Amino acid sequence: MKWNRIPLGPIQTNCYILTDDDSHCLIIDPGDEAEHLINWIKKRDLKPLAILLTHAHFDHIGAVDKIRDKYEIPLYIHEKEAKWLLDPALNGSQFFNLIEPIRIKPADQFLAEEGMLQIGPFQLNVLETPGHSPGSVSYYVEKDGFVIAGDTLFFQGIGRTDLPGGNQDQLMKTIHNKLLTLPEDTIVLSGHGVETNIQDEMDGNPFLTGF
């Protein structure tokens with residue numbers, strides 16, 4: 001399985017495209033710029049199978065409906081944030097003047113617990129990683145050594161907890177109990193910025209030292 005990072009929208013939220021050898025793909029966190037994303041997929045002759053969300057904040061969901069309608073594919077989200085898609089107060093879009101309030105049609109599939117998720121040829125280990133938001137999840141691909149962590153852990157940073165449902169203590173426990181327990185060479189694909197790895201964050205992330 002291969003991954004590509006595509007920053008989208010005014011705050012450059014990372015959308016990730018996972019691909020296999022037969023040109024199937026999964027789309028994770030299509031936050032904005034639907035036409036740009038569609039053109040990117042078209043140029044590579046990819047065949048989308050599903051949209052997955054790490055969480056339902058506005059900058060991760062803005063292009064969901066256009067992408068879903070274009071490819072007629074299901075949307076996956078943790079059940080704790082099912083209502084967030086429809087509510088600008090919960091997804092945070094009503095608090096930012098950069099955008100119009102965002103309301104997304106209900107999801108098609110709901111994640112309710114940790115475990116393996118099989119979508120076509122793709123197998124992902126779903127980790128519940130709350131703290132940034134109550135329904136945040138990470139998608140871990142052990143075989144290929146990477147985890148898509150959404151806004152939980154960044155290069156030299158951690159997710160904010162001042163939006164609805166955020167919890168600083170829970171976030172720190174999540175990072176230490178769910179992410180830092182992964183193999184140290186695991187690549188961390190974050191919701192913003194560049195990729196990092198578990199060892200570098202254990203050694204040098206100023207938010208994690210001394211916890």
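From a predicted model like this one, the values you see are computed outputs, not experimental measurements.
- Between the CG atom of L182 and the OG atom of S138 there is a distance of 8.5 Å, given to the nearest 0.5 Å.
- Closest of all the heavy-atom pairs between P164 and P134 is O-CD, 4.5 Å.
- Smallest separation of non-hydrogen atoms from D65 and R103: OD2-O, 4.1 Å.
- More than 12 heavy atoms of other shown residues, nucleotides or ligands fall within 6.0 angstrom of atom CD in Q12.
- Nearest approach of F146 to Y140, heavy atoms of both residues: O-CD1, 3.4 Å.
- Between the side chains of S136 and T152, no donor N or O sits under 3.5 Å from an acceptor N or O.
- I119 has its side chain within reach of L52: a pair of non-hydrogen atoms, C-beta onward, lies under 4.5 Å apart.
- A cation-pi arrangement is present between R44 and W40, with the terminal nitrogen or guanidinium carbon under 6.0 Å from the aromatic centre and inside a 45° cone about the axis.
- Considering only heavy atoms from C-beta on, Q168 comes within 4.5 Å of I158 through its side chain.
- Distance alone, capped at 3.5 Å, is enough to place a donor-acceptor pair between the S190 side chain and the L153 backbone.
- Other residues, nucleotides and ligands contribute only 12 or fewer heavy atoms inside 6.0 Å of the CD atom of E113.
- Judged by distance alone, with hydrogens and angles left aside, the side-chain atoms of N14 form a donor-acceptor pair with the main-chain N or O of G193 at under 3.5 Å.
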Kindly list each side-chain donor-acceptor pair under 3.5 angstrom involving residues 71-78, sequence neighbours excluded, with atom names and distances?
from, atom 1, to, atom 2, distance (Å)
H78, ND1, K80, N, 3.0
H78, NE2, E128, OE2, 2.7

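- The two residues F110 and A82 have their closest heavy-atom pair at CE2-CB, 3.5 Å.
- Of the residues listed (R160, E81, H60), the one engaging S133 in a side-chain hydrogen bond (donor to acceptor under 3.5 Å, both in side chains) is E81, and it is the only one.
- Placement of V126 and L18 within a single hydrophobic cluster is found when ILVMFWY residues are connected by side-chain heavy-atom separations under 4.5 Å, directly or transitively.
- Side-chain atoms of D29 and T54 form a donor-acceptor pair, as typed in the model, at a separation below 3.5 Å.
- Between H132 and H55, the two ring planes are perpendicular [angle over 60°; tilted spans 30° to 60°].
- Residues satisfying the side-chain contact (heavy atoms from CB on, under 4.5 Å) criterion with P121, sequence neighbours excluded, are D20, H24, L49.
- Contact check for C15 versus I27: side-chain heavy atoms found under the 4.5 Å cut-off.
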### Query
Should E201 and L179 be marked as a side-chain contact (heavy atoms from CB on, under 4.5 Å) after you check the CA-CA gap, both sets of side-chain angles, and the distance that decides it?
CA-CA 10 Å; E201 298 313 305; L179 296 181; over 6 Å; no
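- In terms of modelled atom types and a separation under 3.5 Å, the side chain of E33 and the main chain of G9 share a donor-acceptor contact.
- Summarising the geometry of L46 relative to C25, their closest heavy-atom pair is CB-SG, 4.0 Å, with the distance given to 0.1 Å.
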### Criterion side-chain contact (heavy atoms from CB on, under 4.5 Å) on H176 and L208, from CA distance to verdict
CA-CA 8 Å; H176 281 269; L208 304 181; 4.1 Å; yes
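- Every residue two or more places apart in sequence or in another chain was checked for a side chain to side chain donor-acceptor pair (under 3.5 Å) with Y139, and none qualifies.
- The side-chain heavy atoms of T13 and H57, taken from C-beta on, include no pair separated by under 4.5 Å.
- A single hydrophobic cluster is not seen to contain both V141 and V188; linkage of ILVMFWY side chains at heavy-atom distances under 4.5 Å, directly or through other members, places them apart.
- Across all non-hydrogen atoms, the minimal contact from A56 to W84 is CB-CB, 3.7 Å.
- Taking hydrophobic clusters as Ile, Leu, Val, Met, Phe, Trp and Tyr residues chained together by side-chain heavy-atom distances below 4.5 Å, Y16 does not share a cluster with I38.
- Residue L8 holds its CG atom at 11.0 Å from CD1 of I11, rounded to the nearest 0.5 Å.
- By the 6.0 Å contact criterion, NZ on K47 is enclosed, its count of non-hydrogen atoms from other residues, nucleotides or ligands being greater than 12.
- Note that the NE2 atom of H36 and the CD1 atom of I41 stand 10.0 Å from one another [nearest 0.5 Å].
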### Task
Before giving the answer on side-chain contact (heavy atoms from CB on, under 4.5 Å), spell out for Q123 and K143 the whole-Å C-alpha distance, their side-chain angles and the decisive distance to 0.1 Å.
CA-CA 10 Å; Q123 189 175 65; K143 179 174 66 72; over 6 Å; no
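- A distance of 6.0 Å separates CD1 in I102 from CG in N91, rounded to the nearest 0.5 Å.
- N197 contributes atom CG, which lies 8.5 Å from atom CG of D203 (distance to the nearest 0.5 angstrom).
- Here the NZ-CZ distance, from K105 to R68, works out to 5.5 Å after rounding to the nearest 0.5 Å.
- Residues D32 and P10 have side chains in contact (heavy-atom distance under 4.5 Å, counting atoms from C-beta outward).
- Under a hydrophobic clustering in which Ile, Leu, Val, Met, Phe, Trp and Tyr are joined whenever their side-chain heavy atoms come within less than 4.5 Å, directly or via other members, I51 and M1 fall into different clusters.
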### Task
Start with the C-alpha gap between L37 and I17, add the side-chain angles, then the distance that decides, and say whether side-chain contact (heavy atoms from CB on, under 4.5 Å) holds.
CA-CA 10 Å; L37 191 54; I17 307 294; 4.1 Å; yes
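- The shortest side-chain heavy-atom distance between I61 and L53 falls under the 4.5 Å cut-off.
- Proximity of I175 to N205: side-chain heavy atoms (C-beta onward) are nowhere separated by under 4.5 Å.
- Side-chain atoms of E100 and S93, non-hydrogen and from C-beta on, never get closer than 4.5 Å to each other.
- By the rule that hydrophobic residues join a cluster once side-chain heavy atoms approach within less than 4.5 Å of another member, F155 and I187 end up as members of separate clusters.
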